[in-house]
Every structure is written in structure tokens, then in C-alpha cells.
Amino acid sequence: MKILIINGVNLSALGTREVNVYGNIRFEDYLDELRRRYSGHTIDYIQSDRMEDIVAHILNSQNYDGIILNPGAYTHTAIVLADAVKSVTTPVVEVHISNLFAREQYRRHSQLSGCCSGFIAGFGLQGYSLAIAHFIQN
């Protein structure tokens, strides 16, 4: 199984940014753990603060069995990401570290959820592992 994790805007600061919300583990450290845990599978990773980069990776995902997408704040505003997800046959699971519904009102709407095959929020970094397990089991 080949999985692509795409993290969006501001997620390069995991481990130092709002640790009370996002935790104190850098994503690269967690990624190492994921790759060890799922060593029989390929897990590729990109992080970008640029919408165009994220769209390009989604549109070029035909060689992947699944995409785990955490668009960060683009979740609430980026119709272009939803359009990209709708344009591919690769299944996409939307993942959020925090529980969006326990946060500010404006965070409670996702432009992407309706076009993704699944939605995981509020389980911290473990949400990525849950998404990988979903792809492996289905």
C-alpha cells in the first residue's frame, strides 16, 4: 500500500505552535514512528503552506492508494482543494489534530468533508494512524 500524507498551512510548526491545541511532537518525529509501525507500506509526506503545491500533489496522486489530507486553516476557506479532491479517484481522508467542533465557530465548517471518503478529528496525531489503518483494512 502506498499512502500520501499532505499537511497544509502552518503544520510545519507542529511541536512548537499552540502546544495546548496541537501537542509538542514535531510531525517529522511522528512520521518516523508511523513509518516504523507500518513498515510494510510506503508513506510519503509533503507539507506546504502554498495552496498551489497542495493542489498539484492531490492532482498527481494517481500512484497512491490513499491520501491523508490535513489542510490546516485552508479547511474552512479553500474550495479549490475540494475541487481537486473531487477531480481524483484516489480516496482522501481528511484529518485534523484538534476537534474542530470544540473550537471557534468558524472552524466548524469544512469545504472538503463532503468530498472526502472519511473525516477524522480530535484524536491528536493518532488521527493519521487511524487513517492509515482505514486504508490498509479497506
Side-chain angles (χ1 to χ4, degrees):
M1 172 125 333
K2 190 171 179 183
I3 297 168
L4 175 61
I5 298 173
I6 302 174
N7 276 346
V9 65
N10 296 324
L11 290 167
S12 61
L14 286 177
T16 58
R17 175 181 171 246
E18 295 182 82
V19 295
N20 59 319
V21 174
Y22 301 108
N24 60 0
I25 299 171
R26 291 178 341 110
F27 190 80
E28 290 76 8
D29 295 334
Y30 184 68
L31 180 62
D32 290 342
E33 179 183 324
L34 287 175
R35 286 178 171 153
R36 280 191 299 277
R37 186 180 312 162
Y38 299 103
S39 61
H41 305 278
T42 300
I43 301 172
D44 291 335
Y45 171 65
I46 69 110
Q47 186 284 321
S48 180
D49 294 334
R50 294 176 38 90
M51 180 93 62
E52 298 83 5
D53 294 343
I54 297 169
V55 168
H57 283 285
I58 292 169
L59 294 178
N60 292 310
S61 66
Q62 63 273 8
N63 294 325
Y64 289 94
D65 299 299
I67 298 171
I68 299 169
L69 175 61
N70 183 342
Y74 288 144
T75 300
H76 320 293
T77 60
I79 294 169
V80 67
L81 288 181
D83 289 345
V85 169
K86 290 179 199 175
S87 298
V88 299
T89 58
T90 308
V92 178
V93 172
E94 182 180 355
V95 170
H96 295 280
I97 296 166
S98 67
N99 179 353
L100 302 182
F101 298 98
R103 298 188 64 195
E104 301 91 345
Q105 185 66 35
Y106 69 89
R107 294 187 192 274
R108 297 178 188 174
H109 176 73
S110 169
Q111 298 290 343
L112 295 120
S113 296
C115 51
C116 290
S117 62
F119 177 89
I120 300 169
F123 292 99
L125 291 175
Q126 183 183 358
Y128 293 89
S129 180
L130 294 170
I132 292 169
H134 163 76
F135 286 131
I136 291 170
Q137 294 172 4
N138 291 306

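Remember, it's a predicted structure, so these values are computed and weren't measured experimentally.
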Between the main-chain N or O of [Y] and the side-chain N or O of [X], is there a donor-acceptor pair closer than 3.5 Å?
X: Y30; Y: L125; value: yes
X: Y74; Y: D49; value: yes
X: S129; Y: Q126; value: no
X: E94; Y: N70; value: no
X: S48; Y: D53; value: no

Heavy atoms only: give me the nearest [X]-[Y] pair and the separation to one decimal.
X: Y38; Y: I136; result: CD2-CD1, 3.5 Å
X: L11; Y: G72; result: CD1-N, 4.1 Å
X: Y64; Y: I3; result: CD2-C, 3.6 Å

**Report entry** F119/H96 aromatic ring centres below 6.0 Å
**Finding:** yes
Report task. Examine V95 and L4 and state if one hydrophobic cluster contains both, with Ile, Leu, Val, Met, Phe, Trp and Tyr joined whenever side-chain heavy atoms are less than 4.5 Å apart. Result -> no
Side-chain donor-acceptor contacts of residues 79-90 below 3.5 Å, not counting sequence neighbours, with atom names and distances?
unit_1 : atom_1 : unit_2 : atom_2 : d
S87    : OG     : D83    : O      : 2.8
T90    : OG1    : S61    : O      : 3.1
T90    : OG1    : S61    : OG     : 3.2

Query - Reported CG-to-CG distance for the pair L34 and D29, which is rounded to 0.5 angstrom - result: 11.5 Å
Report task. Quick one: pull up CD1 in I5 and CD1 in I46 and give me the separation to the nearest 0.5 Å. Result -> 10.5 Å
